[in-house]
Amino acid sequence: MTDRIVVLGAGFAGLELATVLSDTFGDDAGVTLIEGGDAFVFGYSKLDVMFGHAEPDAVRLPYARFAKPGVRLLRERITGIDPETRQVTTDAAVHEADVLVVALGADYDFAATPGLAEANSEFYSVGGAEHLRDVLPTFTRGKAVVGVCGAPFKCPPAPSEAALLLHDYLTERGVRDDCELTLVMPFSTPVPPSPDTSAALLEAFAARGIEFVSGRRISSLDPLERVVTLDNGTELPYDLFLGVPKHRAPDVVQASGLAVDGYIPVDSRTLATSHPGVYAVGDVATVGVPKAGVFAEGAARVVAAEIVARRRGGERPEGYGGRGSCYVEFGRGLVGRVDVDFFSGPRPTGSFREPSLEIVAEKKHFGSSRRARWFGA
Ligand SMILES: Cc1cc2nc3c(=O)[nH]c(=O)nc-3n(C[C@H](O)[C@H](O)[C@H](O)COP(=O)(O)OP(=O)(O)OC[C@H]3O[C@@H](n4cnc5c(N)ncnc54)[C@H](O)[C@@H]3O)c2cc1C
């Protein structure tokens with residue numbers, strides 16, 4: 001009998017895992033993929049929506065379009081996970097798994113930053129980005145702060161990208177000279193594993209008059225007084241705030257007992273949890289790599305290979321390598337790339353490719369190839 005594979009969450013990791021297993025086993029894949037949302041959206045599309053470069057409907061990939069042999073995609077909200085029995089409860093049913101893969105991503109912890117929810121000014125969700133798209137035209141002079149409320153957070157280059165794209169947005173509207181831009185990040189440099197990428201971003205900030213406040217996070221906001229407070233007590237007045245909320249694993253993961261310090265600890269090579277037959281991949285897990293789609297997808301492929309080997313009795317796959325490429329919007333229509341490697345050496349390393357039109361095309365292909373692979377679009 002085919003083992004029952006239940007995958008929780010149809011984001012980067014869940015979609016890739018289900019696709020590999022469907023490609024390998026066809027109708028016999030035996031995968032149940034459970035997802036509570038109605039559409040997948042690439043993380044970077046939130047920047048496109050916020051700056052009015054794309055309509056929200058245009059960046060949504062409805063799950064109704066995901067059709068793979070051997071994969072049942074169930075649109076259900078997961079309400080309970082028992083890692084001992086590998087039983088999953090949803091708002092519609094109870095599912096039993098032989099292999100359970102938790103790929104539920106990271107949620108936002110608004111309560112961790114007093115005033116953030118009231119300020120209604122985060123750009124890390126589609127709704128937040130859509131709201132800020134309508135707020136941005138009202139900002140014509142004063143102080144803008146792009147700020148991160150806690151690490152780890154998804155896509156470490158994204159706040160830097162937001163600051164550079166905001167500069168372009170204000171320049172195009174002819175109001176940049178009347179505005180000050182500050183970026184607050186909890187890291188000492190914009191992209192710590194890659195000194196060259198960080199140097200290029202710092203140079204871009206300096207050239208555009210963007211102040212970079214390093215090693216600090218936003219600890220609270222006063223939306224009435226329009227002041228953010230940093231974790232060292234410094235107060236920054238603002239007229240526009242673009243925020244990255246503190247992250248943590250979804251509530252259902254916290255309640256399952258799988259999480260330690262906010263996320264699910266795994267063996268970083270096999271993505272196995274301490275519970276037999278239970279894996280965790282992507283942003284929900286503590287793997288030792290950044291929270292980014294490209295890493296979620298890579299980890300999912302390793303678990304898929306493990307499932308294939310287990311079923312076919314073949315050789316065990318090589319462990320997860322912790323390598324990935326991230327595209328970095330530099331504004332002015334250009335995109336750079338950072339190639340990072342987390343596990344090969346004693347510490348993470350990263351190399352940088354200068355922003356170019358060639359990489360703009362590469363990033364476009366990154367999105368369209370996955371749209372085609374997962375959604376046939
Ligand atoms: C502004 C921004 C820019 C980004 N840019 C990039 C980039 O350029 N490159 C890159 O690689 N990454 C980028 N990312 C990061 C990337 O989007 C995430 O790291 C990636 O989506 C993680 O994949 P995942 O599969 O772990 O989780 P997700 O893609 O978040 O998927 C988790 C899924 O689980 C579902 N789920 C959660 N809880 C439940 C529940 N209780 N019941 C049912 N379903 C549930 C969610 O609906 C979701 O679909 C960016 C992110 C942001 C916010």
Side-chain angles (χ1 to χ4, degrees), residues 36-37 41 43 45-52 56 59 77 104-156 158-163 165-167 169-170 175 178-187 210-255 262-263 283 291:
V41 175
S45 298
K46 291 158 193 170
L47 292 170
D48 294 335
V49 167
M50 176 165 71
F51 291 110
V59 300
R77 181 130 295 273
L104 291 169
D107 264 354
Y108 303 134
D109 183 1
F110 286 94
T113 310
L116 182 63
E118 295 77 4
N120 197 7
S121 55
E122 56 80 22
F123 62 96
Y124 258 49
S125 67
V126 178
E130 202 174 341
H131 171 70
L132 285 169
R133 177 197 61 185
D134 299 335
V135 170
L136 279 172
T138 66
F139 176 67
T140 53
R141 62 171 51 245
K143 297 176 194 300
V145 176
V146 179
V148 177
C149 299
F153 58 94
K154 297 182 202 186
C155 190
S160 300
E161 294 177 293
L165 294 172
L166 179 60
H167 167 88
Y169 178 89
L170 298 171
V175 299
D178 300 319
C179 304
E180 290 171 33
L181 260 66
T182 302
L183 169 62
V184 180
M185 293 240 313
F187 305 147
I210 298 169
E211 187 192 356
F212 180 63
V213 178
S214 65
R216 299 266 74 98
R217 65 177 175 82
I218 308 293
S219 64
S220 65
L221 281 88
D222 185 335
L224 292 179
E225 293 297 323
R226 293 184 163 258
V227 174
V228 295
T229 304
L230 310 189
D231 54 349
N232 63 351
T234 303
E235 293 191 342
L236 298 178
Y238 70 86
D239 300 287
L240 173 74
F241 179 70
L242 307 183
V244 177
K246 186 173 187 299
H247 293 26
R248 62 169 184 155
D251 285 341
V252 67
V253 173
Q254 310 285 353
Y263 297 97
D283 289 355
K291 300 208 177 298

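Residue L221 holds its CG atom at 6.0 Å from OG of S121, rounded to the nearest 0.5 Å. Atoms CD and OG1, from E118 and T113 in turn, are 10.5 Å apart once rounded to the nearest 0.5 Å. One distance of note links CZ of F153 with CE of M185; it measures 4.5 Å at 0.5 Å rounding. From I218, atom CD1 reaches atom CG of L116 across 9.5 Å, with rounding to the nearest 0.5 Å.
Residues forming a side chain to side chain contact (heavy atoms under 4.5 Å, CB included) with A129 (at least two apart in sequence, or on another chain): K46, V49, M50. For L165, the side chain to side chain contact (heavy atoms under 4.5 Å, CB included) criterion is met by L47, F51, E329, not counting sequence neighbours.
Side chains of V184 and F212 form no contact here, defined as non-hydrogen atoms less than 4.5 Å apart. Contact annotation: the side chain of L170 approaches that of L181 to within less than 4.5 Å [non-hydrogen atoms, C-beta and beyond]. At least one side-chain heavy atom of P56 sits less than 4.5 Å from a side-chain heavy atom of R133.
Counting only distance, with no hydrogens or angles, the side chain of D107 and the backbone of R248 share no donor-acceptor pair below 3.5 Å. Between the side chain of K291 and the backbone N or O of D283, at least one donor-acceptor pair lies under 3.5 Å.
A pairwise comparison of heavy atoms in Y124 and Y108 identifies O-OH, 2.8 Å as the closest pair. Between T140 and V175, the closest heavy-atom pair is O-CB, 3.4 Å. In terms of heavy atoms, G262 sits closest to Q254 at O-NE2, 3.3 Å. The two atoms that bring F241 and L132 nearest to each other are O-CD2, 4.2 Å, heavy atoms only. Closest approach of P159 to L183, counting heavy atoms only: O-CD1, 3.7 Å. Nearest heavy atom pair, residue A163 against residue I210, reads O-CD1, 3.7 Å.
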Step by step, work out the side-chain contact (heavy atoms from CB on, under 4.5 Å) result for E211 and E180. CA-CA 8 Å; E211 187 192 356; E180 290 171 33; over 6 Å; no
Let me see the working for L240 and L136 under side-chain contact (heavy atoms from CB on, under 4.5 Å), right down to the final yes or no. CA-CA 8 Å; L240 173 74; L136 279 172; 3.7 Å; yes
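Residue pairs meeting the side chain to side chain donor-acceptor pair (under 3.5 Å) criterion with at least one partner in residues 213-226, sequence neighbours excluded, are R216-D231.
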